[in-house]
Amino acid sequence: MMGEETPSRNVVSQFFFRISQLYQLQLDRLTPHTRVRWCGAAFLIFLFLLRVFTKQGWYIVTYALGIYHLNLFIAFLTPKIDPALDLDGTGIANTHTKEEFRPFIRRLPEFKFWYAVAKSTVIGIICTFFEVFNVPVFWPILVMYFITLFCITMKRQIKHMIKYRYLPFTHSKPRYQRVPETQ
């Protein structure tokens, strides 16, 4: 019949389902440990850069990874609802309203930012094992182009932050302490 699965296919699908459950369980356990996650991501980036420097190649992969990480960082700094597009029906951006406080909500949440950085870095490391990705280029031009792109992009992002008066980072977040119960 058409709707029935073969026993071997069912075992394979159960195996991959169980693997995905275990993977999700590990991600769930890592979620509250922000510093540990970012230290792990920094270590992966260090391993990638060490491999690129020791093998003297894969500059295109490095450049693509850098551009991707820059794109993720910009999405991390950008609000989910862009104030420039928040029109009040008049066609004018609504910047000085007396509305209730709206908290900063990121377009790319921190966990997804970390996850994308870690996953893309692992993919970059894997790419360094294949010679097909080792395209010969004059790397100083790529470095200068990346620095220029970074400066232009960050300048535009900072101007946007100043114009619409938002700060994506909170340094002095209030911490509420538990009041001891009196008996």
Side-chain angles (χ1 to χ4, degrees), residues 3-82 102-135 139 142-143 146-147 149-150 153-154 157 160-161 166-179:
E4 295 180 21
E5 292 184 20
T6 61
S8 63
R9 185 173 181 169
N10 194 18
V11 170
V12 171
S13 66
Q14 285 179 350
F15 172 76
F16 283 112
F17 180 72
R18 183 66 183 143
I19 293 294
S20 70
Q21 282 182 326
L22 291 173
Y23 182 70
Q24 187 62 47
L25 177 67
Q26 294 307 317
L27 284 179
D28 292 343
R29 285 183 179 166
L30 273 174
T31 300
H33 306 289
T34 308
R35 285 192 180 132
V36 172
R37 286 189 283 117
W38 281 106
C39 286
F43 181 72
L44 285 173
I45 292 170
F46 172 76
L47 285 178
F48 173 77
L49 293 176
L50 182 68
R51 178 142 175 90
V52 167
F53 287 136
T54 57
K55 296 296 182 178
Q56 293 295 308
W58 291 277
Y59 301 121
I60 290 290
V61 174
T62 306
Y63 178 71
L65 188 62
I67 295 293
Y68 183 65
H69 286 179
L70 178 62
N71 185 29
L72 290 173
F73 184 62
I74 294 300
F76 176 71
L77 293 178
T78 307
K80 187 174 187 176
I81 300 170
D82 190 359
R102 289 190 288 173
F104 183 81
I105 301 171
R106 301 179 188 284
R107 185 166 34 135
L108 181 65
E110 181 272 332
F111 183 82
K112 289 184 179 181
F113 178 38
W114 165 80
Y115 185 66
V117 166
K119 191 167 61 168
S120 63
T121 306
V122 167
I123 292 169
I125 291 171
I126 292 169
C127 286
T128 62
F129 288 100
F130 297 99
E131 198 63 34
V132 70
F133 297 115
N134 192 7
V135 178
W139 65 267
L142 290 179
V143 171
F146 179 79
I147 291 170
L149 184 64
F150 178 81
T153 305
M154 289 310 296
Q157 185 66 30
H160 190 269
M161 292 162 70
Y166 67 90
L167 186 63
F169 303 107
T170 53
H171 299 289
S172 59
K173 186 174 181 178
R175 299 213 180 235
Y176 299 102
Q177 296 179 356
R178 187 174 169 174
V179 179

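All residue numbers refer to positions in the sequence shown, counting from 1.
A 4.5 Å side-chain heavy-atom check between F133 and T128 finds every atom pair outside the cut-off. Contact annotation: the side chain of R29 approaches that of Q26 to within less than 4.5 Å [non-hydrogen atoms, C-beta and beyond]. Counting heavy atoms from C-beta outward, L77 and M154 have side chains that approach closer than 4.5 Å. Contact check for F73 versus V117: no side-chain heavy atoms found under the 4.5 Å cut-off. K55 is not listed as a side-chain neighbour of N134, based on a closest heavy-atom distance of 4.5 Å or more. Here the side chains of V122 and L44 are in contact, with some heavy-atom distance below 4.5 Å. Counting heavy atoms from C-beta on, the side chains of Y115 and L27 come closer than 4.5 Å.
Between the side chain of R51 and the main chain of I125, no donor-acceptor pair closer than 3.5 Å is present. Proximity of a side-chain donor or acceptor of R37 to a complementary backbone N or O of T31 within less than 3.5 Å is detected. W139 places no side-chain N or O within 3.5 Å of a backbone atom of Y63 that could act as its donor or acceptor partner.
With values rounded to the nearest 0.5 angstrom, F16 atom CZ is found 15.0 Å from Y23 atom OH. Rounding to the nearest 0.5 angstrom, the gap separating the CD1 atom in I123 from the CZ atom in F48 is 11.5 Å. Distance check: L30 CG to L25 CG gives 10.0 Å after rounding to the nearest 0.5 Å. In this structure, the separation between OG1 on T153 and CZ on F146 is 8.5 Å, given to the nearest 0.5 Å.
Atom CZ of F43 is surrounded by 12 or fewer heavy atoms from other residues, nucleotides or ligands within 6.0 Å. Around atom OH of Y166, more than 12 heavy atoms belonging to other residues, nucleotides or ligands sit under 6.0 Å away.
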Show your working on side chain to side chain contact (heavy atoms under 4.5 Å, CB included) between L142 and I60 and close with a plain yes or no.
CA-CA 8 Å; L142 290 179; I60 290 290; 4.0 Å; yes
For a side chain to side chain contact (heavy atoms under 4.5 Å, CB included) check, start with the C-alpha distance between F113 and W38, then their side-chain angles and the critical distance, and finish with the verdict.
CA-CA 10 Å; F113 178 38; W38 281 106; 3.5 Å; yes
Does the pair W114 and F76 meet the rule for a ring-ring contact (aromatic ring centres under 6.0 Å, His included), with working shown?
CA-CA 10 Å; W114 165 80; F76 176 71; over 10 Å; no
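Here the rule is side-chain contact (heavy atoms from CB on, under 4.5 Å) with H69, and of I67, L65, N71 only L65 fits it.
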